[in-house]
There are 2 protein chains.
Amino acid sequence: MPIHFSDMGTNDSGVRGRTRRAILAAAASVLARDRSATLAQIADAAGVGRSTLHRYFPDRDELVAAVIEDSLAAIERSVQDAALDQGPPREAMRRLVAAMLENGDRLMFLWGDPNLLAAYEPAVSDDCPEPPPQAGLELIRRGQAEGVFDPGLDPEWIQQIVWAVVYTGVEQVDRGLISRHGVYAAVVRTLENGIRPPGS
Amino acid sequence: MPIHFSDMGTNDSGVRGRTRRAILAAAASVLARDRSATLAQIADAAGVGRSTLHRYFPDRDELVAAVIEDSLAAIERSVQDAALDQGPPREAMRRLVAAMLENGDRLMFLWGDPNLLAAYEPAVSDDCPEPPPQAGLELIRRGQAEGVFDPGLDPEWIQQIVWAVVYTGVEQVDRGLISRHGVYAAVVRTLENGIRPPGS
DNA sequence: CTTTTTTGACACATCCATGTCCCATTTTGA
DNA sequence: TCAAAATGGGACATGGATGTGTCAAAAAAG
């Protein structure tokens with residue numbers, strides 16, 4: 001009577017941790033480009049058998065939930081490193097953009113399906129008494145207070161715009177319509193000035 | 001020996017034309033919010049039986065293709081009315097935004113799944129020797145030439161941004177986070193200035 | 001009113017993704 | 001080297017969406 005899987009992958013080191021991360025990354029990458037991708041496709045992309053995938057994530061919902069959680073964590077980590085509460089708002093915003101661009105696949109996955117986050121957030125908000133700090137919103141409000149960001153726009157709207165513009169950039173890169181280096185410049189420039197030439 | 005369906009709905013007037021349009025509108029609305037919606041759901045939303053839906057569109061692919069075509073046509077019509085080649089570029093762009101906002105559902109449907117258009121365009125490009133005039137791109141180039149729009153940005157990029165920002169607005173309205181009147185102002189303001197306060 | 005058209009509900013057969021076992025083989029780690 | 005852990009492939013059952021067909025009833029057209 002063998003006891004299988006005493007450690008369900010929460011351990012980052014070891015075989016299981018690595019396999020788990022490979023699956024999550026592959027799933028994000030595949031699902032970002034095709035939400036209705038088959039589990040077989042995902043397993044293929046991860047380089048594992050479909051059986052193995054089912055061993056780590058019993059059903060599709062659990063896998064998707066795990067990918068969401070993992071993607072949020074990865075992005076949150078990058079954002080954390082950006083230290084948005086430090087320095088001038090405009091430069092902090094640029095660091096935020098760079099942080100988001102670092103996680104292209106996960107960002108495409110999360111943002112590509114508006115229903116995903118909407119269906120997931122209420123699931124975790126039960127455990128978490130208060131919503132996450134939302135470093136992005138904090139930065140936006142700070143920028144508005146300093147007059148660097150438009151105070152006439154709703155902070156939440158600005159946040160949506162940031163995500164949308166970055167997402168557009170990631171997507172264009174994915175299609176090879178923009179070089180990987182050029183995105184950052186285009187996104188920042190568009191975000192800061194819109195479609196108007198920088199010199200007013 | 002009754003001969004059924006002598007007119008497959010190409011006729012705008014009459015029962016078949018109206019039913020066809022109802023199905024197309026409902027399909028766009030439902031699919032915009034859930035790409036994997038069931039044909040039964042779509043039939044329900046259209047107020048017809050699933051049998052009737054199958055009578056108008058033999059299979060799912062044909063329905064989707066028809067919705068794409070119909071949505072493109074509807075938007076194109078609105079854009080046509082906007083007379084983008086007339087007047088100052090900035091005001092033309094505002095008319096373009098208004099035209100797109102008029103077709104919220106269809107725009108969400110078309111833009112929501114990047115693969116849709118990508119998979120459809122090559123199918124019609126075989127019949128159409130040249131790509132459509134792309135009035136939007138024309139306007140952007142004109143604006144750049146006059147120095148109203150940033151010449152340092154790729155016209156195609158600007159076009160993507162316009163779609164993205166409008167789409168974001170439509171989505172926010174759909175979720176009730178923005179009033180239907182407020183969208184236009186927010187979209188135009190963001191598009192023209194980015195997140196920076198209008199007064200440079 | 002009569003004829004024709006159109007419709008909706010039901011009954012099917014079918015296909016495909018999914019989830020569950022099982023077992024031989026490989027990999028890991030002591 | 002050897003035992004335990006992990007894997008991959010296959011077989012199998014299942015459910016849900018899809019496509020097809022039939023038929024009586026409703027709607028439209030004459």
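What's counted below: heavy atoms across the whole structure, side chains too, no hydrogens, waters or symmetry copies. Here is how names work: the chains are called A, B, and so on, in the same order as the sequence lines, proteins then strands, and each is numbered from 1.
Whole-Å rounding puts the Arg55(B) CZ to dT7(C) P distance at 7 Å. One interatomic measurement links the two molecules: CG of Leu63(B) to C1' of dG19(D), which rounds to 14 Å at whole-angstrom precision. In this entry the distance linking NE2 of His54(B) with C1' of dA9(C) reads 14 Å, nearest Å. Between Leu39(A) atom CG and dC16(C) atom C1' the separation is 12 Å, expressed in whole Å. Atom C1' of nucleotide dC16(C) and atom CZ of Arg60(B) are separated by 14 Å, given to the nearest angstrom. Protein atom CD of Gln41(A) is 14 Å distant from nucleotide atom C1' of dT18(C), rounded to whole Å. Following rounding to the nearest Å, Asp61(B) (CG) and dA17(D) (P) show an atom-to-atom distance of 17 Å. Glu62(A) places its CD atom 14 Å from the C1' atom of dT18(C), with the value rounded to the nearest Å.
Looking at heavy-atom distances under 4.0 Å, Arg50(A) makes contact with a base.
Under the 30°/60° scheme for interplanar angles, the aromatic rings of Tyr167(B) and Trp111(B) are found to be tilted.
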| message | Apply side chain to side chain contact (heavy atoms under 4.5 Å, CB included) to residues Trp157(A) and Thr168(B) and explain how you reach the verdict. | response | CA-CA 9 Å; Trp157(A) 166 257; Thr168(B) 302; 4.0 Å; yes
| field | Audit row: Tyr120(A), Leu116(A), side chain to side chain contact (heavy atoms under 4.5 Å, CB included) steps and yes/no | value | CA-CA 6 Å; Tyr120(A) 176 75; Leu116(A) 260 190; over 6 Å; no
| query | Does the salt bridge (charged side-chain N to carboxylate O under 4.0 Å, His left out) test come out yes or no for Arg33(A) and Asp105(A), once each step is laid out? | reply | CA-CA 9 Å; Arg33(A) 294 165 179 78; Asp105(A) 280 353; 3.0 Å; yes
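Contact between the side-chain N/O atoms of Ser51(A) and the OP1/OP2 oxygens of dT7(D) is not found at any separation under 4.0 Å. Look at Thr19(A) and you'll find a side-chain N or O under 4.0 angstrom from OP1 or OP2 of dT7(D). Applying the 4.0 Å criterion to OP1 and OP2 of dA6(D), one finds that Tyr56(A) has every side-chain N and O outside that range.
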Show each protein N/O and nucleotides 28-30 of chain C N/O combination with a separation under 3.5 Å, one pair to a line.
none

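Going from atom CG of Leu24(B) over to atom CZ of Arg20(B) covers 5.0 Å, rounded to the nearest 0.5 Å.
Heavy-atom minimum distance, Arg142(B) versus Pro88(B): NH2-C, 4.4 Å.
Across the interface with DNA chain D, nearest-nucleotide mapping of Ser36(B) and Thr52(A) shows Thr52(A) to be the residue nearer the 5′ end. Nearest-nucleotide positions on DNA chain C place Leu53(B) closer to the 5' end than the other of Asp59(A) and Leu53(B).
In summary, the side chains of Arg196(B) and Asn193(A) do present a donor paired with an acceptor at a separation below 3.5 Å, with no hydrogens or angles considered.
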